[in-house]
Amino acid sequence: MNRVVLTGTGVPVPDPERAGAGTLVELDGVRLQVDAGRGTVMRLTGAMTPVADLDVVLLTHHHSDHLTGLADLVLTRWIGGAHHTTIVAPEGATSRFAAKVLDPWREDVDIRIQHAGHDGEPTVEVVAFPAPDTPAEVWRSGAVTVTAVSVHHEPVLPAVAYRIDGPSGSVVVSGDTQVCPEVEALAAGADVLVHEVRLRAFAEAVVGTHYEAIAAYHADAVDLGAAAQRAGIGHLVLTHFIPPPTDGYEPFVDEVRRGGFTGDLVAGPDLTTVTW
Ligand SMILES: [Zn+2]
Ligand SMILES: [Zn+2]
């Protein structure tokens, strides 16, 4: 079975119902985790995918809400018997963060090896790539390939989206970005597009406040509906809801539909899943 699971639909504002940003993609037998915000390990456990079973972690950008669960993920894999973790990340702050993720845990690792008899220490391999202006392959496992492209989340650079292709489908995960032609082109014909979303009504309501800058570097829901329609997306899955959807998902769905998207549209809580 292939599936996409939202392991976290939240944003930096804490919410007991929403883990930090993350998407699990299981495609043709390869398990890929895109980003690892707070609570990722708990959500993966809830999704019945043991964290030790992941094949690779893909990071989109250096924002804490996408990264604070990474050490937990790597250490929990180790305790679960998977000593090695491969992390794919754009070169720069994100790849540097990933390379150092175990450094503050040196003493804990040493004590667990001595005291609990762990067989060897955890290791991280960072596959760093220059964030590309046009889609470029950055990782593969058998017939499953991962392609990345730079997106528009300025001033946070680099920031990338990923496309995962396999014999039985294709999934694109936007990371954090404004609606942009790069993601639209990357997602052309994809079966599933997981995209962050920000209500236009929210952006209009916060003009002149310090939230204006935050609203500006996220994806306008109406524009997203138009872009997803042009890209011919089968399933559009919304995540990273801004503002938090305390009034339900209808405002997000309504704005995306207003933009013209007519395909299957999914807006839901953590562990929302698309299978095929
Ligand atoms: Zn974010
Ligand atoms: Zn961000």
Side-chain angles (χ1 to χ4, degrees), residues 4-25 32-44 57-73 87-98 101 131 148-162 172-180 182-183 186-187 193-200 202-203 206 210-221 223-224 227 236-246 249 252 256 267-272:
V4 173
V5 182
L6 300 182
T7 59
T9 60
V11 292
V13 180
D15 181 333
E17 301 298 321
R18 294 180 195 282
T23 304
L24 169 68
V25 178
L32 312 96
Q33 176 67 29
V34 184
D35 285 335
R38 79 166 67 95
T40 296
V41 168
M42 294 178 69
R43 290 294 182 263
L44 284 168
V57 179
L58 313 175
L59 300 178
T60 60
H61 67 297
H62 189 255
H63 249 164
S64 59
D65 55 314
H66 298 248
L67 298 176
T68 54
L70 186 63
D72 186 18
L73 187 156
I87 302 173
V88 176
E91 258 174 30
T94 316
S95 64
R96 288 194 297 273
F97 173 86
V101 70
V149 74
S150 292
V151 298
H152 290 279
H153 192 44
E154 291 87 352
V156 183
L157 296 171
V160 300
Y162 290 105
V172 173
V173 180
S174 70
D176 282 5
T177 180
Q178 301 170 48
V179 175
C180 65
E182 287 85 353
V183 172
L186 185 73
L193 170 61
V194 178
H195 207 295
E196 71 121 294
V197 66
R198 182 266 297 148
L199 284 181
R200 180 172 291 186
F202 174 77
V206 299
H210 76 278
Y211 290 111
E212 184 173 1
I214 294 172
Y217 71 176
H218 289 293
D220 181 89
D223 292 343
L224 174 58
L236 175 60
V237 182
L238 305 179
T239 190
H240 202 281
F241 297 95
I242 300 173
T246 49
Y249 299 99
F252 293 90
V256 171
D270 288 10
L271 297 182
T272 289

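Counting convention: from 1, in listed order, for ligands and their atoms alike. Any value given below was found using the heavy atoms of this structure, including those in side chains, with hydrogens, waters and symmetry copies removed.
- Atom CZ of Phe97 sits in a crowded spot, with more than 12 heavy atoms from other residues, nucleotides or ligands closer than 6.0 Å.
- In terms of heavy atoms, Thr7 sits closest to Gln33 at OG1-NE2, 3.0 Å.
- Inclusion of Asp65 in the first shell of the Zn ion (ligand 2) is not supported: no N, O or S atom falls under 2.8 Å.
- When NE2 of His240 and NE2 of His66 are joined through the Zn ion (ligand 1), the resulting angle is 110° to the nearest 10°.
- The Zn ion (ligand 2) lies closest to atom ND1 when only the N/O/S atoms of His63 are considered.
- Note on His153: counted as a metal contact of the Zn ion (ligand 2), an N/O/S atom lying under 2.8 Å.
- Residues His240 and Ile242 form a side-chain contact, since some pair of their non-hydrogen atoms from C-beta on lies under 4.5 Å apart.
- Checking His61 against the Zn ion (ligand 2), an N/O/S atom falls under the 2.8 Å cut-off.
- Formation of a donor-acceptor pair under 3.5 Å by the Thr94 side chain with backbone atoms of His62 is found in this model.
- Remark: Asp72 pairs with Val41, Thr76 by the side-chain contact (heavy atoms from CB on, under 4.5 Å) rule, at least two apart or across chains.
- Counting just the N/O/S atoms of Asp176, the one with the shortest distance to the Zn ion (ligand 1) is named OD2.
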